[in-house]
Amino acid sequence: MASEAHGAEEGGLVFHPMDQFIVKPLFGDGPIAWYTPTNVTLWMGLAVLAIIALLVLSTSKRAIVPSRGQSIAELAYGFVYKMVEDVAGKDGVKYFPYIMTLFMFIVCANFLGLIPMSFTTTSHIAVTVVMAMAVFLTVTILGFYLHGASFLKLFWISSAPLALRPILALIEVISYFVRPVSHSIRLAGNMMAGHAVIKVFAAFAAITAIAPLSVLAITAIYALEVLVSFIQAYVFAILTCVYLKDALHPHH
Amino acid sequence: MEGDVVQMGAYIGAGLACTGMGGAAVGVGHVVGNFLSGALRNPSAAGGQTATMFIGIAFAEALGIFSFLVALLLMFAV
Amino acid sequence: MATETHSATGDGLADAVGVDTHAAADAAPGMPQLDFSSFPNQMFWLVVTLVVIYLVLTRVALPRIAAILAERQGTITNDLAAAEDLKAKAVEAEAAYNQALADARTEAQAIVAKAKAEIQADLDVAIQKADAEIAAKSAESEKAIAEIRAGAMDSIKVVATDTAAELVAVLGGKADDKAIGSAISDRLKG
């Protein structure tokens with residue numbers, strides 16, 4: 001039934017809004033093995049190149065008075081560094097490279113995904129789940145490693161009335177395990193939703209009567225998506241910092 | 001014919017799931033509106049709390065994204 | 001599936017735009033995100049990407065940016081210190097200038113006072129001298145006047161005696177010199 005729903009008879013749409021997310025091999029049409037270079041590979045590689053261009057090439061002059069590119073690199077550095085320091089605390093600073101890696105990858109992948117005809121790697125749940133699970137496992141293991149069993153006090157809110165504590169503990173445990181789910185689906189869902197909506201409006205542009213309206217709508221949503229691309233990367237990074245803070249200081 | 005009924009149900013469910021996004025919209029608006037009214041009362045303290053606001057937005061919005069996901073699953077994957 | 005009208009529109013649009021619809025979508029399930037066959041591929045390339053980014057950041061980018069920021073901080077601190085130095089120097093120079101100005105002013109005042117004192121002394125001497133001269137002259141004049149007056153008195157006495165003797169003689173009297181002299185002395189005193 002699922003495949004049936006995507007025949008040429010799809011209601012009203014010239015192309016399917018989800019087609020842009022299909023993972024295709026770069027060369028040929030063969031099955032996708034784990035090592036096949038696909039469009040995922042291409043756009044992740046481009047993200048790496050963008051990060052290298054932004055953070056390495058632009059700073060190669062090491063100018064005291066920065067050029068435009070260098071000041072972007074410095075801004076990104078200062079932004080993430082301050083975020084880690086503010087949210088996770090002074091002892092969270094040594095995990096700054098990990099958070100910077102995640103943030104730069106997500107930001108670059110999101111912005112590259114906004115190029116027309118491109119492929120948004122961060123719109124795939126597989127990608128975001130790997131990142132969110134990595135964060136979740138790291139933070140959990142780190143918490144137990146640093147604090148041992150007393151890390152469990154994170155769920156036992158000692159400031160609450162005694163009678164409420166078991167219930168609160170249950171809620172806290174559930175919300176703790178929902179973290180990776182919401183963490184990953186938030187990013188993937190935001191990117192997917194925005195791109196799908198743009199595609200839906202793009203399909204409406206084929207109808208002459210409403211084409212101008214649809215182009216206007218695409219423009220507006222595109223602007224929103226530029227904003228969302230950055231905010232989602234920021235939110236992903238800042239939530240990582242919040243989780244890290246819980247692992248470093250589990251006592252409320 | 002039977003498949004059509006199932007699909008109709010799925011589409012109606014998808015539409016209903018979209019009402020959850022309205023809740024997320026209300027939540028996000030509430031968070032930002034309260035932040036703004038607090039920030040206008042005490043502008044000096046606002047700068048330090050922007051991160052907190054974004055965390056709040058993220059939590060409120062995640063639930064809207066869940067309903068969107070349910071809608072998409074009903075549309076395409078059921 | 002969707003209604004007949006919709007599918008007709010869809011076909012028409014597809015024809016109009018000339019898009020080859022869903023050659024790929026037919027193969028994939030509804031949401032490409034839930035196509036589990038592509039998951040290992042994505043995860044593998046994601047891990048490769050993240051590791052590459054991590055290595056690039058930790059080996060090259062972050063140390064370099066940190067060095068640049070530290071260097072800039074250092075430069076700014078040095079410049080601030082230099083500016084502070086220059087400011088201190090300027091304050092010092094201003095103090096020296098003010099000192100010189102004050103010195104010059106006191107010196108000028110001293111010179112003025114000295115000059116004034118000298119002039120005063122000269123003036124005093126001159127006034128004294130002039131006073132002395134004036135006093136001498138006036139004493140001389142007084143003496144001369146007294147002499148003249150004494151001379152005049154004697155002359156008057158002689159003239160009066162003579163005149164009185166003549167008058168007495170003319171009137172036919174016998175001039176008694178002694179009586180005339182005492183009368184004239186009485187009159188002149190009176």
Side-chain angles (χ1 to χ4, degrees), chain A residues 2-16 18-19 21-24 31-36 38 40-41 44-45 47-48 51-52 55-56 59 62-64 66 70 73-74 77-78 96-98 100-102 104-105 121 123-127 130-131 134 188 192 203 206-207, chain C residues 1-11 13-22 24-58 60-62 64-69 71-72 74-76:
Chain A
S3 55
E4 210 177 274
H6 298 104
E9 295 87 5
E10 181 66 41
L13 295 182
V14 181
F15 40 78
H16 197 270
M18 304 308 266
D19 275 2
F21 302 121
I22 292 169
V23 178
K24 282 175 279 209
I32 298 165
W34 60 270
Y35 52 83
T36 320
T38 54
V40 178
T41 320
M44 283 186 181
V48 172
I51 291 170
I52 290 175
L55 295 186
V56 177
T59 57
R62 297 162 187 264
I64 292 293
Q70 190 182 324
E74 286 167 10
Y77 182 97
F96 162 66
Y98 301 97
M100 185 75 176
T101 304
L102 285 176
M104 288 313 293
F105 171 69
T121 49
S123 69
H124 272 265
I125 291 171
V127 170
V130 169
M131 290 191 287
M192 193 203 319
I207 303 164
Chain C
M1 201 35 247
T3 58
E4 292 300 315
T5 49
H6 268 143
S7 62
T9 326
D11 280 341
L13 284 172
D15 291 340
V17 182
V19 179
D20 182 19
T21 38
H22 307 301
D26 283 334
M31 270 171 78
Q33 276 86 352
L34 297 178
D35 177 9
F36 290 99
S37 65
S38 72
F39 272 30
N41 181 276
Q42 295 190 45
M43 288 173 177
F44 168 68
W45 288 112
L46 173 72
V47 170
V48 169
T49 308
L50 288 182
V51 167
V52 170
I53 293 174
Y54 178 76
L55 289 180
V56 168
L57 286 186
T58 48
V60 189
L62 297 184
R64 187 186 284 177
I65 296 175
I68 290 170
L69 290 178
E71 196 184 337
R72 176 169 314 142
T75 311
I76 289 171

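Keep in mind that the numbers below use all heavy atoms, side chains included, and drop hydrogens, waters and symmetry copies. Numbered from 1 within each chain, the chains take letters A, B, ... in sequence-line order.
Interface residue A/I51: only side-chain heavy atoms are found under 4.5 Å from chain C. Residue contact with chain A, scored on non-hydrogen atoms closer than 4.5 Å, involves the backbone of C/S37 exclusively. C/L46 touches chain A through backbone and side chain together, each having a heavy atom under 4.5 Å away. Both the backbone and the side chain of C/L62 come within contact range of chain A, with heavy atoms under 4.5 Å apart. Neither the backbone nor the side chain of A/A188 comes within contact range of chain C; no heavy atom of the residue lies under 4.5 Å from a heavy atom of that chain. When heavy atoms are compared at a cutoff of 4.5 Å, C/I68 approaches chain A solely by way of its side chain, counted from C-beta outward. Residue contact with chain C, scored on non-hydrogen atoms closer than 4.5 Å, involves the backbone and the side chain of A/A73 alike. Residue contact with chain C, scored on non-hydrogen atoms closer than 4.5 Å, is absent for A/P31.
With C/W45 contributing its side chain and A/T36 its backbone, the two residues share a donor-acceptor pair below 3.5 Å. Put simply, the side chain of C/R64 gets close to the backbone of A/V56: a donor and an acceptor are under 3.5 Å apart. Counting only distance, with no hydrogens or angles, the side chain of C/Q33 and the backbone of A/S123 share a donor-acceptor pair below 3.5 Å.
Residues A/T41 and A/T38 have side chains in contact (heavy-atom distance under 4.5 Å, counting atoms from C-beta outward). Residues A/M18 and A/M192 meet the side-chain proximity criterion, which asks for heavy atoms closer than 4.5 Å.
No other option in A/I64, A/L55, A/L102 has as many heavy-atom pairs under 4.5 Å with chain C as A/I64. Contact count versus chain C (heavy atoms, under 4.5 Å) is highest, among A/T59, A/V130, A/T121, for A/T59. No other option in C/L69, C/T58, C/I76, C/T75 has as many heavy-atom pairs under 4.5 Å with chain A as C/L69.
Ring pair A/H124/A/F21 is perpendicular by interplanar angle, where above 60° counts as perpendicular and below 30° as parallel.
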**Study point:** Worked verdict on C/Y54 versus A/F105 for ring-ring contact (aromatic ring centres under 6.0 Å, His included)
**Key:** CA-CA 10 Å; C/Y54 178 76; A/F105 171 69; over 10 Å; no
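No more than 12 heavy atoms of other residues, nucleotides or ligands sit less than 6.0 Å from atom OH of A/Y98.
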